[in-house]
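Here is the structure we will look at.
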Amino acid sequence: MIRVESLTKVFRRPHAFSGPLGPLRTLLTRRYDERTAVDGVSFEISAGEIVGYLGPNGAGKSTTVKMLTGILTPTSGLIEVDGRVPWRDREANARAVGVVFGQRSQLWWDLPLIDSLRLVGDLYDVPAARFTGSLRRMRDLLWLDDFLNTPVRQLSLGQRMRGDLAAAMLYDPPILYLDEPTVGLDVMAKQAVREFIAETNRLGRTTVVLTTHDLADVEALCERIILIDKGRVLYDGGIDDLVTAYAPPRRLVVELADDETRTFEIAAGQSIPELIAQVTAEHPIRDLSIREPDLESVITRIYAESGR
Amino acid sequence: MIRPLAGMARVGLRFQLAYRSDVIMSVVALVAQVFLLRMIWTALYGGREHDPQGLTLEALLAYLSLANLQAFATTPIIPRIAHFRIRTGMVFFDLSRPTGYLPQMAAFQAGHTAGGLLMLAPAVPVVLLVGTITPTEHPIGYAATLALGYVISVMMSLLICVIGFWTLETAAISMLYRLVSHFFAGTMVPLSFFPGALGVLADALPFKYMGYVPAAVYVGHLSGGQIGQAVAVEVGWIAALAALLWAMWRRAHRRVVIQGG
Ligand SMILES: Nc1ncnc2c1ncn2[C@@H]1O[C@H](COP(=O)(O)OP(=O)(O)OP(=O)(O)O)[C@@H](O)[C@H]1O
Ligand SMILES: [Mg+2]
């Protein structure tokens, strides 16, 4: 469905001058600043997959998504989405993909939500009957009814995000790019968004590329993740394999009588009762617990090893 | 092809209606401006019937009212919209639609203008009265020059939108454009009063088609062959602007960056 090969994006911008004549100088300058945001990324995603596209801030995730949608032209490399090159065949690609950027909205700020949804119906030429059906489904799944007629600027972040998800899916695109769709949402709203994504994927076999900093999203939705940093792929594969391969040791966390907390690594094959006995002999302890390695500790470790 | 544009036009119209109170304020300002111009020009004429250009005071007042009404109704919103959306990266969504960016913006503008006219409607009788405007002898010439002038105005504002993809910053350019276009449209002073080089410049620039030309046709200051000539030049401008827009858009398209992530 999606094939990416040696994808690279170098941002080359005229040097931004400051001062009153700054914009004019920027317009005329030959001085450029360069920054490699995506650096030789390759992966393939098949139809119906939900893939977590993860990485620390500035890793190049959003830039990749912008290239996948065909809005940004790569500096080099190749993308094929459903057999099309997105930036060459923009119109056909546009009809096939839905996009949500958690950080910005496609909804018209000053108008009631329903106006923006209708506009999407018009822009993608969704037949009236299908539009009504789609809208009804969105209203049920995303509980839109309470605020369908409210101007978007009066919506809470969670409500707005649900509106954005509806707008991205109204024309039933087979591919969905979600860039931080749960950013800033409360637990309930996150749950609703996750369920919506899972449902969409299950019913329509929608292919989903999901970018998020909340690993609970990933654990709830993805079987596979692609981890990138500084524009390069660090890992591409199953979550379970990742945890087994990179799992840091389990830890014994003890709370001492004087409110101090100490952590002991449990080496492979070490007896836990022995370790506890040893620790209790040396310190007066109040409480203890054992921490299992989780996805978060694994990913923290990978980021750390990649030089952060 | 029609439905996406109709949808954009509807959003443009709703957008205009959502800012009702702004429009009411501007209508008040418009009426006040026409009133002030009327006072100043009446004083300048000082009891004379005709000015050196052969314009009666009555025709001049009608001209000023009309030119201001037109300039007000056709002032484009899209440079502001595009500027905001480029700066915030929201333009991503405009570019990810199956419909072209420029047609979307043009349709939005058309809807916005329609909304403005709708709200302006109650003020029209007042302006007509304050401006002592009587029915024109050249309704078709007026409508034609005005409609084409509007198309020119929209195309110029699309040009500013496109420039935004280079500079990412069009607030200053938009303001300059507004100032220059209103001045050279002749909303304060008819173009026939502009002296020497300024007059030549004003005559060469396309801004006059948004104010002076249609208003002068309306009051009979331009007539017959002059109208036909104006229409022909307007069509020429539209063709030239279309070519320029097309060429600039092709280049802008390639250098699109979406800010923020
Ligand atoms: N328009 C631009 N001009 C110049 N550099 C840019 C531009 N957009 C992004 N970058 C740079 O490219 C790199 C990758 O940015 P990107 O937005 O893709 O990161 P990200 O992985 O989405 O990060 P985050 O998790 O913080 O959203 C960053 O170093 C950023 O500064
Ligand atoms: Mg990002």
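The figures that follow rest on heavy atoms only: side chains count, while hydrogens, waters and symmetry mates do not. Below, chains carry the letters A, B, ... as their sequence lines are ordered, and counting in each starts from 1.
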Could you tell me which of Gly121(A), Ser116(A), Pro112(A) has the largest number of non-hydrogen atom pairs under 4.5 Å with chain B? Gly121(A)
Among Asn93(A), Val99(A), Val120(A), who wins on heavy-atom pairs under 4.5 Å with chain B?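 Going by pairs under 4.5 Å, I would pick Val99(A).
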Taking the inter-plane angle between the rings of Phe165(B) and Trp249(B) on a 0 to 90° scale, is it parallel (under 30°), tilted (30 to 60°) or perpendicular (over 60°)?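 Correct class here is perpendicular.
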According to the interplanar angle, ranging from 0 to 90°, do the rings of Phe92(B) and Phe101(A) count as parallel (below 30°), tilted (30 to 60°) or perpendicular (above 60°)?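 Geometry flag for Phe101(A) against Phe92(B): perpendicular rings.
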Closest heavy-atom pair and its distance - [X], [Y]:
{"X": "Leu158(B)", "Y": "Ile78(B)", "result": "CD2-CD1, 3.7 Å"}
{"X": "Thr63(A)", "Y": "Lys9(A)", "result": "CG2-CG, 3.9 Å"}
{"X": "Thr8(A)", "Y": "Met67(A)", "result": "O-SD, 4.5 Å"}

Between [options], who has the most heavy-atom pairs with chain A when the cutoff is under 4.5 Å?
{"options": "Tyr19(B), Phe15(B), Phe93(B)", "answer": "Phe93(B)"}
{"options": "Thr99(B), Leu17(B), Leu95(B), Val11(B)", "answer": "Val11(B)"}
{"options": "Gly7(B), Pro98(B), Pro4(B), Ser96(B)", "answer": "Pro98(B)"}

Contacts of type salt bridge (Lys or Arg N to Asp or Glu O under 4.0 Å), residue Arg12(A), not counting sequence neighbours: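 Listed in chain order: Glu34(A).
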So Arg118(A) and Asp122(A), salt bridge (Lys or Arg N to Asp or Glu O under 4.0 Å) or not? Walk me through it. CA-CA 6 Å; Arg118(A) 286 224 179 87; Asp122(A) 288 340; over 6 Å; no
Per-residue contact mode, Ile2(B) against chain A (heavy atom under 4.5 angstrom):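 Ile2(B) has no heavy atom closer than 4.5 Å to chain A.
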Face-on cation placement of Arg104(A) at Trp109(A) ring, 6.0 Å and 45° thresholds: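 Checked: cation-pi criterion not met.
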Chain A contacts: which residues in residues 204-212 of chain B have a non-hydrogen atom closer than 4.5 Å to it?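 Against chain A, none of the residues of residues 204-212 of chain B fall inside the cut-off of heavy atoms under 4.5 Å.
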Given that the side chain runs from C-beta out, which part of Leu111(A) has a heavy atom under 4.5 Å from chain B: side chain, backbone, both or neither? side chain
CE/Met188(B) to CD/Gln33(B) distance, rounded to the nearest 0.5 angstrom?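 Between atom CE of Met188(B) and atom CD of Gln33(B) there are 4.5 Å.
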